[in-house]
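Hydrogens, waters and symmetry mates play no part in the numbers below; they use all other heavy atoms, side chains included. Just so it is clear: chains get the letters A, B, ... in the order the sequence lines come, proteins before strands, and each one is counted from 1.
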Number of protein chains: 2
Amino acid sequence: MRATVKDVAKLAGVSPKTVSNVINGIVFVRPETRERVEQALAELDYVPNLSARGLRNGRSGMIGLALPDLLRPYSAEITHLVVELAHQRGWGVQIEQTAAEPKREFELLSKARANLVDGLILNPVNLDDSAVMTAGPLPAVVLIGDVDQDVVSQVAIDNVGAAREMTQHLIEQGFRRIAAVGTPEIPRGASGTGRVGGTADTPGTAAARLRTTGYREALEAAGLPHDPELEIGLDRWSPEGAATVVGRYLEDHETPDALFCFTDTIAAGALSALWTAGVAVPGDCAVAGFDNILESQYTVPPLTTVDFDRRQFVQSALDLLGERMADKDAQPRRVVVPHRIVSRASTAR
Amino acid sequence: MRATVKDVAKLAGVSPKTVSNVINGIVFVRPETRERVEQALAELDYVPNLSARGLRNGRSGMIGLALPDLLRPYSAEITHLVVELAHQRGWGVQIEQTAAEPKREFELLSKARANLVDGLILNPVNLDDSAVMTAGPLPAVVLIGDVDQDVVSQVAIDNVGAAREMTQHLIEQGFRRIAAVGTPEIPRGASGTGRVGGTADTPGTAAARLRTTGYREALEAAGLPHDPELEIGLDRWSPEGAATVVGRYLEDHETPDALFCFTDTIAAGALSALWTAGVAVPGDCAVAGFDNILESQYTVPPLTTVDFDRRQFVQSALDLLGERMADKDAQPRRVVVPHRIVSRASTAR
DNA sequence: TTGAAAGCGATACCAC
DNA sequence: GTGGTATCGCTTTCAA
């Protein structure tokens with residue numbers, strides 16, 4: 001059986017409380033006592049039982065991280081940073097995948113209330129039916145990603161602005177027929193074309209709607225026509241989906257001047273489809289992405305994309321989470337992390 | 001304050017034990033009693049305290065997953081599967097990054113012994129100085145990846161065989177001067193060239209050594225000369241590292257017929273470097289990878305690579321872990337998951 | 001079938 | 001400074 005504080009206390013000839021004091025190092029302990037205790041700790045190879053500590057303290061020392069789809073390189077980057085930066089604060093990270101199912105988000109919040117995690121970083125896909133909006137006492141939660149709420153703290157980027165600027169950038173490069181890839185897809189029904197314009201009440205992820213808005217704003221500002229045919233819908237932001245849909249699109253549509261893909265992952269699929277179709281990039285069709293994942297610097301050709309400081313993004317999320325964990329009644333705050341356009345060969349003229 | 005079993009019991013007019021019985025559903029409870037309890041549970045919005053449960057049961061219901069570098073798409077795929085498949089078994093997943101530091105591996109094992117996780121899936125980079133080899137009572141641990149030990153259970157692929165087959169495949173395609181990218185790098189000292197042959201006592205990761213061995217075996221079997229100049233060392237398996245090293249290599253070496261990159265991530269960097277240097281793939285130089293990450297199907301051109309059933313890989317790891325968690329004295333087992341060569345355009349003749 | 005009470009291990013309160 | 005001791009919330013003998 002593993003050693004407990006009691007065993008250590010007995011061996012060191014002190015009380016459990018003293019052992020605890022030594023371990024947590026808050027109260028002053030006489031050096032010679034400390035010495036004895038530490039020796040006993042080492043001798044018995046003492047490891048504290050974190051469940052017991054958690055029970056007593058009401059804190060587990062862990063936070064939860066819930067992302068819609070862990071499979072994507074983007075998720076890997078977020079996870080990497082959360083784990084690294086949380087570790088610096090002495091927090092462990094429990095990871096979850098919501099797969100865009102609100103049900104899973106509920107489970108997570110409940111887990112947080114079950115004291116298994118002290119806080120939760122949640123990337124909701126669609127807040128309308130998301131768990132956070134339900135009334136009731138919430139654990140410490142920080143939302144990452146752009147959704148419209150002010151119930152809990154949030155860190156986001158300006159999706160509309162970024163999409164507008166990217167579209168504008170493409171226009172400035174001289175491209176005119178600019179397609180958007182990843183616009184909201186009709187969830188059910190006659191989705192034969194796979195294209196649909198997002199309106200206020202159109203289903204789809206928040207980011208998809210916002211980026212579509214920015215795209216349209218830029219077109220309008222430049223006096224370019226809004227062509228619904230150029231909004232290519234995707235029900236899931238995956239390379240396989242993008243490759244399939246873009247490939248099919250190229251078969252029966254005139255090739256656009258440029259594709260503005262709503263994530264780099266989509267762009268990877270699009271590049272693949274264009275290559276398969278024998279369309280030169282950027283010569284016959286330019287391609288831009290969004291997120292600036294690490295891999296996008298090494299695609300062929302390198303990808304123009306929207307960059308934001310992911311480390312600061314995550315750091316902010318942890319800051320906000322820390323605030324809420326320390327003070328349950330802290331005002332929800334919203335942090336917007338700046339972004340910028342990174343222009344690479346995929347949109348060169 | 002949150003409701004406890006006691007509160008629920010009081011409200012339902014029963015004892016805590018009965019509430020517990022209802023919650024865990026093991027013992028038969030009279031339907032009308034159950035009804036009352038369930039109503040009370042709902043009314044008080046009861047959520048069990050998992051720390052308390054963990055303390056009492058000695059199990060937390062969570063497993064740990066420790067990967068060397070969470071940043072990679074490969075890590076994302078593993079994490080995705082572990083989270084999904086563990087969830088099916090009712091396990092939560094705590095995630096960690098070892099960054100190839102044995103120190104972190106130690107911390108994790110200690111965390112496992114601290115009852116925060118019931119088991120640990122560990123992907124060690126270099127077992128020689130890895131924590132698992134230290135004596136002492138180990139928690140349930142399963143190793144993923146090819147390292148040489150029989151202390152704990154392990155799931156792996158045949159790295160030597162796969163590398164041999166891939167090299168052979170390239171030879172069969174007619175390539176002769178085949179370079180290997182990702183061979184073990186000298187840790188310190190005169191690493192001016194960035195190339196070094198791995199020998200038995202050469203430092204480097206286990207996978208790097210094993211894949212190098214397979215590569216050499218195939219060359220030898222085909223009667224091709226072993227040219228140390230064709231073993232391109234990498235200290236870290238990242239696209240940026242690969243792009244830099246391969247780019248530099250191309251400047252002062254004759255371009256090989258083919259590059260066998262030891263991961264798809266390396267291959268992505270290599271493809272980028274070749275594109276930058278104006279070397280056509282596969283026309284002037286073929287490229288092959290290893291792992292068949294999702295993105296490799298969509299690179300330009302699509303990447304020939306070594307595929308293995310990642311889902312089965314992870315499923316096996318969880319099976320083995322389950323065994324060890326159920327029976328501490330279960331014999332360590334070793335599962336080897338089959339692999340196959342997937343030939344795509346990047347090595348077409 | 002259900003109730004009473006002990007105890008998992010660590011910590012904080014209150015004495016000394 | 002340090003020692004007893006109650007307590008966190010849940011589960012589980014043992015009785016009834």
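The side-chain hydrogen bond (donor to acceptor under 3.5 Å, both in side chains) with B:Gln97 is formed by just one residue from the set A:His87, A:His80, A:Glu84; it is A:His80.
Both B:Leu55 and B:Arg34 sit near DNA chain C, but only B:Arg34 has its closest nucleotide nearer the 5' end.
Nucleic acid contact class of B:Val19 (heavy atoms, under 4.0 Å, all strands): none. As judged by a 4.0 angstrom heavy-atom cut-off over every strand, A:Arg56 is placed among the base-contacting residues. Residue-level contact check: A:Thr33 touches the backbone only, with heavy atoms under 4.0 Å from sugar-phosphate atoms and none from bases. Counting any heavy atom pair closer than 4.0 Å across all strands shown, B:Asn115 reaches no nucleic acid atom. Among the atoms of the strands shown, only primed sugar atoms or phosphate atoms (P, OP1, OP2) are found under 4.0 Å from some heavy atom of B:Val14.
Five base pairs at each end of the helix from C:dT1-D:dA16 to C:dC16-D:dG1 define two local axes, and these are offset by 30° (rounded to 10°).
Candidate nucleotides C:dA4, C:dA10, D:dC10 were compared by shortest atom distance to the side chain of A:Arg53, and C:dA10 ranks first. Nearest nucleotide to the side chain of B:Tyr46, out of D:dG3, D:dC10, D:dT11: D:dC10.
A:Glu32 has its CD atom 11 Å from the C1' atom of D:dG1, to the nearest Å.
In this structure, B:Thr4 does not reach the D:dG9 phosphate: none of its side-chain N or O atoms is under 4.0 Å from OP1 or OP2. Within the 4.0 Å cut-off from OP1 or OP2 of C:dT11, at least one side-chain nitrogen or oxygen of A:Ser20 is found.
Annotation: side chain of B:Leu81 is not in contact with side chain of B:Phe313 (no heavy-atom distance under 4.5 Å).
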